[in-house]
Protein chains: 2
Amino acid sequence: MTAGSVRQMRLEDVAKEAGVSRATASRVMSGSGPVSAAVRDRVREAARRLDYRPDPVARALVSGSGFRLVVAVVGTTAQVLEDPYVDRAVAAAAQAGAPYGVGASLQWLPRQAPRLDRLAEDRSVRGVVLLNTTEAALEAVPMSLRGRVASIGIGSRWVPSFDVDNGGGAAAVLRHLYATGRRRIAMVTGPQWMPCAWRSVESYQGLMRSAGLPARLVAGDFSAGTGHRAMRRVLRRWPDTDAVFAINDATALGALAALREEGRKVPDDVAVAGFDDIPFAALSAPALTTASHPVSRIVGAAATAVLNQAPGPPNVVFPSTLIRRQSA
Amino acid sequence: MTAGSVRQMRLEDVAKEAGVSRATASRVMSGSGPVSAAVRDRVREAARRLDYRPDPVARALVSGSGFRLVVAVVGTTAQVLEDPYVDRAVAAAAQAGAPYGVGASLQWLPRQAPRLDRLAEDRSVRGVVLLNTTEAALEAVPMSLRGRVASIGIGSRWVPSFDVDNGGGAAAVLRHLYATGRRRIAMVTGPQWMPCAWRSVESYQGLMRSAGLPARLVAGDFSAGTGHRAMRRVLRRWPDTDAVFAINDATALGALAALREEGRKVPDDVAVAGFDDIPFAALSAPALTTASHPVSRIVGAAATAVLNQAPGPPNVVFPSTLIRRQSA
DNA sequence: TTGAAAGCGCTAACAC
DNA sequence: GTGTTAGCGCTTTCAA
């Protein structure tokens with residue numbers, strides 16, 4: 001249909017077309033440096049006419065800026081990369097980067113030795129988005145990476161953080177459980193080492209304490225499998241449990257399955273609530289009560305901040321609201 | 001901890017260290033052109049000693065090859081990008097590209113006008129992986145993109161295809177339904193325009209015809225929402241339906257919810273089977289019988305093929321096996 | 001087999 | 001304000 005254009009236009013062509021030097025054309029196109037209004041219009045018009053689009057590779061070379069955004073996921077094993085949450089994050093980064101001509105890479109960061117210096121030295125790397133961030137990972141951020149890292153989770157003096165309001169969301173869910181008469185509320189947490197899961201646990205502990213109720217904590221690891229096992233453990237240790245708050249929906253769905261197997265009615269015998277509002281939370285039986293978690297927006301914001309080198313506020317918190325369904 | 005290295009080593013440094021010219025060092029590092037064994041070893045040793053890593057940006061500039069892999073998803077609206085299946089695909093591409101220093105970008109390709117020429121001309125683009133591929137999209141592949149496109153779904157003379165064995169997987173599921181006594185089997189399909197969903201439908205029609213049974217087809221769109229609606233439609237039109245095969249798990253889970261609301265027992269009254277074996281297929285109530293679909297492996301293979309410019313077989317088909325659970 | 005030199009397309013000092 | 005010039009780090013002719 002369209003004739004394949006013979007050759008991509010270069011800045012030189014635009015400059016010639018507009019009757020100016022390459023430097024001036026560059027100033028116009030990159031929007032930096034002084035140019036007279038008349039010349040600017042002339043160059044822009046020429047660029048439009050020739051359908052000129054600057055070569056991002058050449059730009060990257062001269063500016064030394066790199067061209068890919070690495071999503072680095074802290075985890076005990078490379079298995080973390082199989083979490084649907086990671087998929088969502090990467091897709092969001094890939095989408096946010098597209099207009100900038102920047103792609104997303106996915107990489108595992110061993111929890112025991114989260115080395116970021118290789119990434120910092122890699123000239124193809126434009127910036128890094130940290131997932132499941134730990135203190136150790138934050139400390140491993142080398143100087144040369146400062147200003148082009150963002151963390152989904154905890155941040156530091158040098159690393160801006162973007163996260164959902166874990167504490168607020170958890171509190172909303174727990175208040176709902178309490179308001180509907182639940183008093184023997186257990187919680188299935190995430191892995192101990194993951195700071196982003198602490199707030200929820202603190203919320204739980206805070207509310208239980210202020211209500212004068214004993215805490216019933218069991219550790220999980222964000223997976224449905226451990227949600228299932230953790231639920232069985234809860235029932236064994238505290239058979240009279242009448243509600244469970246799971247650190248995320250996957251865990252909650254696992255718990256739901258365990259309760260079903262045990263013949264406990266949800267929500268009549270035991271109420272179940274999760275966190276995240278993943279697509280299938282609405283489809284479980286009963287449909288899962290949970291708290292919203294705008295992962296795409298969060299990661300998109302983090303990616304955009306890195307790409308723009310925007311200083312911005314050091315901690316951006318996205319609200320989480322209660323999603324009432326049938327399970328609680 | 002580690003002292004930030006003052007400056008990245010350049011090819012020049014390696015050349016000097018090895019006592020050769022930059023050109024020779026380049027020949028060694030890029031592995032092209034004639035070099036004596038002695039010199040090769042000397043240069044390699046020097047590179048190792050200096051911890052030299054070639055700058056991918058400079059390489060891209062000189063070779064004009066681009067540095068991002070675009071996952072282009074055909075769809076009626078940009079909403080297609082919200083499908084978890086897309087997330088998985090992008091994550092797989094991002095992971096496959098990482099060792100090559102290539103990132104993944106995500107982009108919507110309007111079904112009505114799937115233009116690929118812009119991507120072809122974009123010098124930052126190394127290659128393209130097509131998702132939900134249509135004939136129109138294949139025809140829109142410009143000459144300049146040949147050899148660096150792959151399709152997840154149908155392929156063409158110029159575009160190698162990578163896909164799961166939709167026909168085989170569907171047949172396995174349907175044979176299972178038939179073998180367990182189901183005779184009034186309905187199917188909820190995908191959108192009509194999506195060729196990658198046709199094979200499953202053909203399998204369904206073929207098996208029904210050969211068994212002398214009438215087809216009961218209803219169109220969905222891969223979403224749980226339409227799975228729900230389609231199921232109600234099925235029950236209204238053919239109240240005696242005793243099995244449903246859904247084009248994918250999301251649809252099947254929607255159907256499951258609809259059956260629950262209608263008070264039909266699964267699998268006693270109606271058997272339900274899906275396709276994909278998504279993580280939550282195992283968690284539904286009852287757990288979903290389905291067929292496996294190794295999305296990550298498929299997209300990883302496609303991405304790798306594009307990055308390697310590997311000619312390879314034009315059509316790679318990944319097997320799909322029946323996953324027996326409770327719903328059928 | 002090796003080296004010298006010319007770019008890839010762009011930006012940014014530095015002059016004017 | 002605008003043009004000239006020197007690179008960014010690498011590959012690749014072209015000679016030797």
Side-chain angles (χ1 to χ4, degrees), chain A residues 5-44 46-47 50-67 100-102 121-126 144 309, chain B residues 5-44 46-47 50-67 100-102 121-126:
Chain A
S5 53
V6 179
R7 189 176 55 72
Q8 272 293 327
M9 288 300 158
R10 295 169 306 168
L11 190 56
E12 182 82 53
D13 301 313
V14 175
K16 207 168 292 173
E17 174 87 4
V20 297
S21 74
R22 208 170 63 226
T24 301
S26 169
R27 281 189 273 263
V28 173
M29 296 316 295
S30 65
S32 72
V35 234
S36 72
V39 167
R40 187 175 49 237
D41 292 348
R42 203 138 44 86
V43 171
R44 288 216 174 119
L50 299 180
D51 189 31
Y52 166 76
R53 269 158 300 162
D55 182 344
V57 184
R59 278 189 161 169
L61 179 64
V62 73
S63 65
S65 62
F67 50 73
Y100 296 80
V102 168
E121 284 167 16
D122 187 328
R123 279 175 296 223
S124 72
V125 174
R126 171 80 161 265
S144 59
Q309 305 267 55
Chain B
S5 53
V6 179
R7 189 176 55 73
Q8 270 295 325
M9 290 298 158
R10 296 168 307 168
L11 190 56
E12 183 82 52
D13 302 313
V14 176
K16 208 169 291 173
E17 174 87 3
V20 297
S21 73
R22 208 169 62 226
T24 301
S26 169
R27 283 190 270 263
V28 173
M29 297 315 294
S30 65
S32 71
V35 233
S36 71
V39 167
R40 187 174 50 236
D41 292 348
R42 204 138 45 83
V43 171
R44 288 212 175 122
L50 298 180
D51 189 30
Y52 166 76
R53 269 158 300 163
D55 182 345
V57 184
R59 279 189 159 169
L61 179 64
V62 73
S63 67
S65 63
F67 51 72
Y100 297 81
V102 169
E121 284 167 16
D122 187 327
R123 278 175 296 221
S124 71
V125 175
R126 173 79 162 266

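Letters A, B, ... are given to chains in the order of the sequence lines, protein chains preceding strands, and every chain is numbered from 1.
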**Message:** I'd like to check the side chain to side chain donor-acceptor pair (under 3.5 Å) partners of A/T24; sequence neighbours left out, ordered by chain and number.
**Reply:** A/S21
**Request:** Using the test side chain to side chain donor-acceptor pair (under 3.5 Å), find all partners of A/Y52 that sit at least two apart in sequence or belong to another chain.
**Result:** none
**Request:** Go through residues 14-27 of chain B and report each residue with a non-hydrogen atom lying under 4.0 Å from DNA chain C, sorted by number.
**Result:** B/V20, B/S21, B/R22, B/A23, B/T24, B/R27
**Message:** Tell me every residue that passes salt bridge (charged side-chain N to carboxylate O under 4.0 Å, His left out) with B/R44, counting only those two or more places apart in sequence or in another chain.
**Reply:** none
Return the minimal non-hydrogen interatomic distance between [X] and [Y], and the atom names on each side.
X      : Y     : result
B/D122 : A/P56 : OD1-CG, 4.4 Å
B/Q8   : B/D13 : O-OD2, 4.3 Å
A/G101 : B/F67 : O-CE1, 3.3 Å

**Message:** Reading DNA chain D from 5' to 3', where do the contacts with chain B start and stop? Cut-off is 4.0 Å to heavy atoms.
**Reply:** D/dG9 to D/dT13
In whole angstroms, how far is the [atom2] atom of [N] from the [atom1] atom of [X]?
X     : N      : atom1 : atom2 : value
B/D41 : C/dT1  : CG    : C1'   : 15 Å
A/D13 : C/dG9  : CG    : P     : 9 Å
A/F67 : C/dG9  : CZ    : C1'   : 16 Å
A/L11 : C/dA12 : CG    : C1'   : 13 Å
A/L61 : C/dC8  : CG    : P     : 13 Å

**Request:** Only pairs at least two apart or in different chains count here, so list each salt bridge (Lys or Arg N to Asp or Glu O under 4.0 Å) that has a residue in residues 20-32 of chain B.
**Result:** B/E12-B/R22
**side chain to side chain contact (heavy atoms under 4.5 Å, CB included) against B/S63, all qualifying residues, sequence neighbours excluded** = B/S65
**Message:** A side-chain contact here means heavy atoms from C-beta on lying under 4.5 Å apart; do A/L11 and A/M29 qualify?
**Reply:** yes
**Request:** Would you mind classifying the nucleic acid contact of A/V57 as base, sugar-phosphate or nothing, using non-hydrogen atoms under 4.0 angstrom?
**Result:** nothing
**Asked** Quick check: does any side chain N or O of B/R53 sit under 3.5 Å from a backbone N or O of A/R123, one acting as donor and the other as acceptor?
**Response** no
**Prompt:** Think A/R59 has a side-chain N or O under 4.0 angstrom from the OP1 or OP2 of C/dT11?
**Reply:** yes
**Prompt:** Using rotation axes that map the C1' atoms of four end pairs onto the next four (five pairs an end), what angle separates the end axes of the helix from C/dT1-D/dA16 to C/dC16-D/dG1, to 10°?
**Reply:** 40°
Without placing hydrogens or testing angles, list every side-chain donor-acceptor pair under 3.5 Å for residues 32-43 of chain B, not counting sequence neighbours.
from  : atom 1 : to    : atom 2 : distance (Å)
B/S32 : OG     : B/S30 : OG     : 3.3
B/S36 : OG     : B/V39 : N      : 3.3
B/R42 : NH1    : B/A18 : O      : 2.5

**Complete:** Between B/R123 and B/P34, whichever has its closest DNA chain C nucleotide further toward 5' is B/P34
